[in-house]
Every structure is written in structure tokens, then in C-alpha cells.
Amino acid sequence: LKAARGNSRDLVGMFRILAEMKEKGLSPGPVVYGSAMAACAKSGDYAQVAGLLQEMEASRAPPDIGHYTSLVVACARAKDEARARHAFAEMQQRGLKPDVVVYTSLL
């Protein structure tokens with residue numbers, strides 16, 4: 001997944017690896033989810049990042065600032081200010097403190 005993180009154009013390959021992990025009974029943890037979300041965020045794929053965030057929460061892995069940063073970045077790259085602001089508000093409601101990447105993405 002780290003290679004996929006650096007190459008946001010191979011999202012299909014990244015999701016294939018993620019599916020293989022699950023098929024083999026391996027539970028993706030916060031680092032794996034974070035790598036997948038960052039790769040999707042680079043391409044502005046809000047829906048994939050949001051889906052991974054929901055999947056992560058369903059598996060009882062608590063998202064952190066990095067996961068929400070990917071959500072805001074994906075919205076910003078997709079030029080969807082309303083969703084970016086909503087993700088920002090959700091982040092704050094969860095008690096996560098936005099960092100410089102989040103604030104820069106909102107500009």
C-alpha cells in the first residue's frame with residue numbers, strides 16, 4: 001500500500017491489495033487505512049476516502065487527524081468546498097485539532 005500511496009494513479013491495485021488482505025483474514029489497521037485514504041485524497045476521490053473512513057469506523061479502528069486530513073484534502077482537490085467544510089466541522093466535533101495541511105486545504 002505504501003507504493004500505492006506514492007502513486008495515486010494505481011488506486012485499483014491498491015484496492016486489490018486491500019481486498020486480498022481481508023480475504024486472508026488480515027484486518028487493515030489505522031496505518032493501512034491511512035495509506036489508502038492518502039492515495040485516494042491525492043486524486044481528489046472524496047467518495048473513496050469517505051467510504052474507507054466509514055469502513056474504518058465500522059471495524060472499530062478510531063480515525064485520527066491524518067485520516068480526517070485525507071478527507072479534507074480529497075474535498076479540496078475535488079473543489080468541493082461545502083464537503084471540505086463539513087469534514088472540517090466533523091473533525092472538530094470529534095475533538096481532533098486541525099493542522100496546517102487542513103487549514104491550507106481549506107484556502
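Excluded from the calculations below are hydrogen atoms, water molecules and symmetry mates; all remaining heavy atoms, backbone and side chain alike, are included.
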Closest non-hydrogen atom pair, [X] against [Y]:
X   : Y    : answer
S70 : A41  : O-CB, 3.3 Å
L96 : P63  : CD1-O, 4.3 Å
C40 : Q48  : SG-CB, 3.6 Å
A76 : S105 : CB-O, 3.3 Å
A36 : M14  : CA-SD, 3.3 Å
Y68 : A87  : CD2-O, 4.2 Å

>> Determine whether I65 and K97 satisfy the following criterion, side chain to side chain contact (heavy atoms under 4.5 Å, CB included), listing intermediate values before the conclusion.
In response: CA-CA 7 Å; I65 184 68; K97 296 185 191 268; 5.8 Å; no
> Given H67, which of D64, L71, T69 fulfils the side-chain contact (heavy atoms from CB on, under 4.5 Å) condition?
Replying inline: D64
>> Strictly below 4.0 Å, N to O, side chains only: are K24 and E20 in salt-bridge contact?
In response: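 Salt bridge: no.
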> Does the side chain to side chain contact (heavy atoms under 4.5 Å, CB included) test come out yes or no for V49 and L52, once each step is laid out?
Replying inline: CA-CA 5 Å; V49 177; L52 288 166; 5.8 Å; no
> Would a 4.5 Å heavy-atom cut-off, applied to side chains only, mark L106 and F88 as touching?
Replying inline: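 Yes - at least one pair of side-chain heavy atoms lies under 4.5 Å apart.
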Nearest 0.5 Å, please: how far is [atom2] in [Y] from [atom1] in [X]?
X   : Y   : atom1 : atom2 : answer
H86 : R83 : NE2   : CZ    : 10.0 Å
E23 : L18 : CD    : CG    : 10.5 Å
K22 : S27 : NZ    : OG    : 9.5 Å

Examine [X] and [Y] and state if one hydrophobic cluster contains both, with Ile, Leu, Val, Met, Phe, Trp and Tyr joined whenever side-chain heavy atoms are less than 4.5 Å apart.
X    : Y   : result
F15  : M56 : yes
L26  : M37 : yes
Y103 : V73 : no

>> Run the salt bridge (charged side-chain N to carboxylate O under 4.0 Å, His left out) test on R94 and E90 for me, step by step, so that the C-alpha distance in whole Å, both residues' side-chain angles and the decisive distance to 0.1 Å come before the verdict.
In response: CA-CA 6 Å; R94 292 178 173 261; E90 186 177 332; 3.7 Å; yes
> Residues in side-chain hydrogen bond (donor to acceptor under 3.5 Å, both in side chains) with E81, at least two apart?
Replying inline: R85
